[in-house]
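Values below: all heavy atoms of this structure, side chains included; hydrogens, waters and symmetry mates excluded. In this text, all values refer to a predicted model and were calculated from it rather than measured experimentally.
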Amino acid sequence: MPMSCHKLILALCLAVTTPLVSVTSVLAADQEPAQKVVKSPKAAPIVGLETASELKNRFRIDHMVDNMTLLVEREYGSAPVVIVLPDGSKWYANRHPESVKWVDGITGDIIYIESPMPGPWQLVGKVVPGSTLKKLSKLEIEVQPLPQPIFQGEQVKIVAQLMGDAQRVRMPGLDFLVEWTAHFVSKHRAGDENFAAGDIIVGSYKDNGEDYDEKPDDGVFTSNINVKQPWGDYEFVVQARNNVFERQISFPFRLSPRPINLEVITPDDPLTGQWKIMLHVDSAVLQLAETHFSFELVGPAGLQLPLTVNGLTEPDSELDLPTVTEFGSYRIKGFVATTTITGREIVLDLPELFFNLIQPPEPPPSAEELAAVAAQKAAEEEELAKKDAMFWIITINTILLVLGVVGLIVWRKRQSLAQALAAAESRLLEEASANSAAAPSLDEIDLTMPDEADKDR
């Protein structure tokens, strides 16, 4: 971006007060937000250009300055500046007296100083070369009122500006240093659709060259206000604030109902009939000949068809939709460009419409088809019964066979065991008989005791 686009607006708000002048006329971050733009007292003189000078980021403050606000433009992405006071002390963005309010961004700083020390001050940092000082006595916001009448869904471009001494404040990156908020505050009037709506945040203001904003960093902030709100009487409240200051302004207005109504006409036979949109236009509000519709029909399988209506001759008109054959959900979205009776050209976002093409149920089966289905079901049940019977027969026979084999094995083992026991018993008896024949009888056993002599020997 050329250097000329990054010119420093080093704005110095100097407010001189007397014992009889209230300090509410100068920029103060800790003040309560006013309901209207703050105006400086007429008795407060503006400090002349000769009271401050700038040389290599230096400027001088005299003893009559009650407070001041510095708007410092830095090189993009550079660190916040360091302020060197006349006595040599330094202030930083994260270290300064409580009476100092400081907000820093990627391209600049806004610093509020109360009762500044008289003498030469200096800024240390990557301040954009060639910068100058501008002396301001007050800071306020200027907001464009909403047009009347304004309708629900209207695409509206509303601008606002940050003003210093009735001059627009411009500074690259100011969009990041000031937070704008727009509110619709319901007046709770009986009969209005917004009776219980309360406070609605409807958007903000940006100076970034996007959406409705024409050019970034030109000091003109453009709104992206959403007016798709309940109709009725509101207070339009706009706030601009940061850690240094807060300003608020408000306007009464009425949000009118959308002067166009739409509805889908369903044919008697949805499959073969013609789907339509009924357009109802309030001819007492809009010029029919300058009312132009643009729709888009979105449906299944990626369907996207444009539809247009250029000018109307009757307040109630029908728009034929293309023939739809795919079953599913369809959506119709669009806008209308028109002119009011008073000659104001407007664009309105239209509410989305929906309809479904549902596949009809199949006709009920005939008696022959029912009989065939019953016969088929009976055959299937019979086949299933046969399969079940065969399964159980095979299962039972298999179990009996297994039991027979097991019984035979057990019986064979029992027979073998009985034979083995009988053979063992017979062998034991034979051995017992043989042993009894070889043993001496009682008559053959000598039961006499030996003599003592024989013992001694």
Flag, side chain of [X] to backbone of [Y], donor-acceptor distance under 3.5 Å:
X      : Y      : result
Thr398 : Ile394 : yes
Gln274 : Leu321 : yes
Gln144 : Val159 : yes
Ser223 : Ile158 : yes
Gln287 : Thr340 : yes
Asn226 : Val202 : no

query: Between Trp102 and Asp109, is any side-chain donor less than 3.5 angstrom from a side-chain acceptor?
result: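 Yes - a donor-acceptor pair under 3.5 Å links their side chains.
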message: Assess, by modelled atom type and distance only, whether the side chains of Glu263 and His280 contain a donor and an acceptor separated by less than 3.5 Å.
response: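 A pair is found: one side chain offers a donor N or O, the other an acceptor, under 3.5 Å apart.
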- request: Over 60° means perpendicular and under 30° means parallel, so classify the ring planes of Tyr205 and Trp180, tilted if in between.
  value: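 Trp180 and Tyr205: tilted rings.
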If you look at every heavy atom in [X] and [Y], which pair is closest and at what distance?
X      : Y      : value
Gly153 : Lys228 : CA-CG, 3.9 Å
Gly105 : Leu177 : N-CD2, 3.3 Å
Gln304 : Pro306 : O-CD, 4.1 Å
Ile265 : Glu318 : CD1-OE2, 3.8 Å

Any side-chain heavy-atom pair from [X] and [Y] closer than 4.5 angstrom?
X      : Y      : result
Lys333 : Val298 : yes
Val324 : Glu326 : no
Gln148 : Phe253 : yes
Ile393 : Thr395 : no
Phe151 : Val227 : no
His292 : Val309 : no
Tyr234 : Pro252 : no
Leu319 : Phe293 : no

Show the atom names and distances, to 0.1 Å, of all donor-acceptor pairs under 3.5 Å that link a side chain in residues 346-361 to residues at least two apart or in another chain.
from   : atom 1 : to     : atom 2 : distance (Å)
Asp349 : OD1    : Gln155 : NE2    : 2.7
Glu352 : OE2    : Arg331 : NH1    : 3.3
Asn356 : OD1    : Ser329 : OG     : 2.7

Which distance, rounded to the nearest 0.5 Å, do you find between the [atom1] of [X] and the [atom2] of [Y]?
X      : Y      : atom1 : atom2 : result
Phe295 : Leu307 : CZ    : CG    : 8.0 Å
Thr338 : Ile260 : OG1   : CD1   : 6.0 Å
Ile141 : Ile249 : CD1   : CD1   : 5.5 Å
Asp213 : Asn208 : CG    : CG    : 5.5 Å
Leu384 : Asp388 : CG    : CG    : 4.5 Å
Leu162 : Arg168 : CG    : CZ    : 11.0 Å

Salt bridge or not for [X] and [Y], using N-O below 4.0 Å?
X      : Y      : result
Lys206 : Asp211 : no
Arg247 : Glu140 : no
Lys387 : Glu382 : no

query: For Glu154, which residues count as a salt bridge (charged side-chain N to carboxylate O under 4.0 Å, His left out) partner, sequence neighbours excluded?
result: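 Checked Glu154 against salt bridge (charged side-chain N to carboxylate O under 4.0 Å, His left out); matches are Arg344.
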- prompt: If you look only at pairs with a residue in residues 188-205, which of them pass as a salt bridge (Lys or Arg N to Asp or Glu O under 4.0 Å), with sequence neighbours excluded?
  reply: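 Pairs touching residues 188-205 that pass the test: Arg189-Asp233, Asp192-Arg254.
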